[in-house]
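Okay, so here's the structure we're looking at.
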Amino acid sequence: ATATATTTATATTTHAVPQTSAMSLTRVTSDGTRRKPYCSWSTSCEWNTATQQSCSTALCQSAGYENGTFVSATVDLCTGPSLTSDATWLWVIDLGEFLYTAFFRETDVTADCYGVGVLATTTTTTATTTTT
């Protein structure tokens with residue numbers, strides 16, 4: 001009698017491949033959608049470099065980028081008129097969260113966004129050995 005044995009080994013490797021360089025900038029302006037939220041506040045507001053950066057980072061990450069830098073805003077977030085009375089998507093700076101609601105004041109933000117993150121690629125290798 002002849003004995004036959006078959007062995008199969010499978011190895012899977014995942015590699016992170018950058019989709020774009022950090023130096024590639026895309027200018028994005030918020031429009032109140034989930035992917036491009038306006039910036040707003042709930043109970044306290046300070047329109048300074050830190051809050052402008054917070055709004056820019058939230059906008060860029062919502063749009064699918066890693067980060068971004070502030071370029072401009074239509075109105076001063078704390079004292080300017082509201083852009084709309086409708087419910088929109090907002091990054092609420094003093095709560096640190098996204099909300100779909102109508103707040104008293106909001107502004108659109110324009111930011112230079114960069115770093116589209118990483119794309120995971122998977123390689124699967126299968127080897128089969130038969131011995132008799």
Side-chain angles (χ1 to χ4, degrees):
T2 303
T4 302
T6 302
T7 305
T8 302
T10 302
T12 302
T13 308
T14 302
H15 304 279
V17 179
Q19 293 185 44
T20 186
S21 75
M23 299 310 295
S24 177
L25 300 176
T26 301
R27 188 155 286 182
V28 177
T29 300
S30 54
D31 60 10
T33 60
R34 178 66 182 102
R35 288 189 51 86
K36 297 178 183 178
Y38 289 138
C39 195
S40 189
W41 55 280
S42 176
T43 57
S44 65
C45 183
E46 231 180 294
W47 191 231
N48 56 28
T49 303
T51 55
Q52 291 168 352
Q53 185 56 45
S54 173
C55 292
S56 298
T57 299
L59 168 63
C60 291
Q61 289 177 349
S62 291
Y65 298 89
E66 287 179 13
N67 211 336
T69 54
F70 179 80
V71 174
S72 65
T74 301
V75 297
D76 180 307
L77 178 61
C78 303
T79 61
S82 186
L83 299 177
T84 181
S85 59
D86 296 334
T88 61
W89 278 101
L90 305 166
W91 169 250
V92 185
I93 55 175
D94 56 333
L95 298 179
E97 64 181 288
F98 295 99
L99 296 176
Y100 183 76
T101 189
F103 267 4
F104 179 60
R105 289 202 171 93
E106 71 283 319
T107 190
D108 57 349
V109 171
T110 298
D112 283 333
C113 302
Y114 56 89
V116 183
V118 295
L119 173 68
T121 60
T122 302
T123 305
T124 301
T125 306
T126 303
T128 304
T129 305
T130 304
T131 54
T132 53

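The figures here come from the full heavy-atom set of this structure, side chains too, leaving out hydrogens, waters and symmetry mates.
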Problem set entry | Heavy-atom check, side chain of Pro37 versus side chain of Phe98, under 4.5 Å | yes
Problem set entry | Side-chain heavy atoms of Phe70 within contact of Val109, under 4.5 Å | yes
Problem set entry | Heavy-atom pair with the smallest gap, counting every atom of Ala102 and Ser85 | CB-O, 3.6 Å
Seminar exercise, completed: The complete set of side-chain hydrogen bond (donor to acceptor under 3.5 Å, both in side chains) pairs with one or both residues in residues 87-96, sequence neighbours excluded, reads Thr43-Asp94, Ser54-Trp91
For this session: Treating Ile, Leu, Val, Met, Phe, Trp and Tyr as nodes and any side-chain heavy-atom pair under 4.5 angstrom as an edge, say whether Leu83 and Leu90 lie in one connected cluster.
Result: yes
Rounded distance (nearest 0.5 Å) linking atom [atom1] of [X] with atom [atom2] of [Y]:
{"X": "Leu77", "Y": "Cys55", "atom1": "CG", "atom2": "SG", "result": "6.0 Å"}
{"X": "Leu95", "Y": "Ser42", "atom1": "CG", "atom2": "OG", "result": "4.5 Å"}
{"X": "Asp112", "Y": "Thr69", "atom1": "CG", "atom2": "OG1", "result": "4.5 Å"}
{"X": "Thr79", "Y": "Arg105", "atom1": "OG1", "atom2": "CZ", "result": "6.5 Å"}
{"X": "Ser40", "Y": "Phe103", "atom1": "OG", "atom2": "CZ", "result": "5.5 Å"}
{"X": "Cys39", "Y": "Glu106", "atom1": "SG", "atom2": "CD", "result": "10.0 Å"}

Quick one: does any side-chain atom of [X] pair with a main-chain N or O of [Y] as donor and acceptor, under 3.5 Å?
{"X": "Glu66", "Y": "Val116", "answer": "no"}
{"X": "Ser30", "Y": "Gly32", "answer": "no"}
{"X": "Ser62", "Y": "Lys36", "answer": "no"}
{"X": "Thr107", "Y": "Val75", "answer": "yes"}

For this session: For Thr101, check side-chain hydrogen bond (donor to acceptor under 3.5 Å, both in side chains) against everything at least two apart and list the hits.
Result: none
Exercise. Excluding sequence neighbours, so at least two apart, what forms side-chain hydrogen bond (donor to acceptor under 3.5 Å, both in side chains) with Thr33?
Worked result: Asp31
Problem set entry | side chain to side chain donor-acceptor pair (under 3.5 Å) evaluation trace for Thr74 with Asp108 | CA-CA 6 Å; Thr74 301; Asp108 57 349; 2.4 Å; yes
Exercise. With sequence neighbours left out, what residues match Asp76 under salt bridge (Lys or Arg N to Asp or Glu O under 4.0 Å)?
Worked result: none
Problem set entry | Under the salt bridge (Lys or Arg N to Asp or Glu O under 4.0 Å) test, residues paired with Arg35 that sit two or more places apart | none
Exercise. Does the pair Thr49 and Gln53 meet the rule for a side chain to side chain donor-acceptor pair (under 3.5 Å), with working shown?
Worked result: CA-CA 6 Å; Thr49 303; Gln53 185 56 45; over 6 Å; no
Problem set entry | Greater than 12 external heavy atoms within 6.0 Å of Glu46's CD | no
For this session: Report yes or no: is the cationic atom of Arg34 (NZ for Lys, CZ for Arg) closer than 6.0 Å to the six-membered ring centre of Tyr100, at no more than 45° off its axis?
Result: no
Seminar exercise, completed: The complete set of disulfide bond (SG atoms under 2.5 Å apart) pairs with one or both residues in residues 72-101, sequence neighbours excluded, reads Cys45-Cys78
Problem set entry | Qualifying residue for side chain to side chain contact (heavy atoms under 4.5 Å, CB included) with Tyr65, from Leu59, Val28, Thr57 | Val28
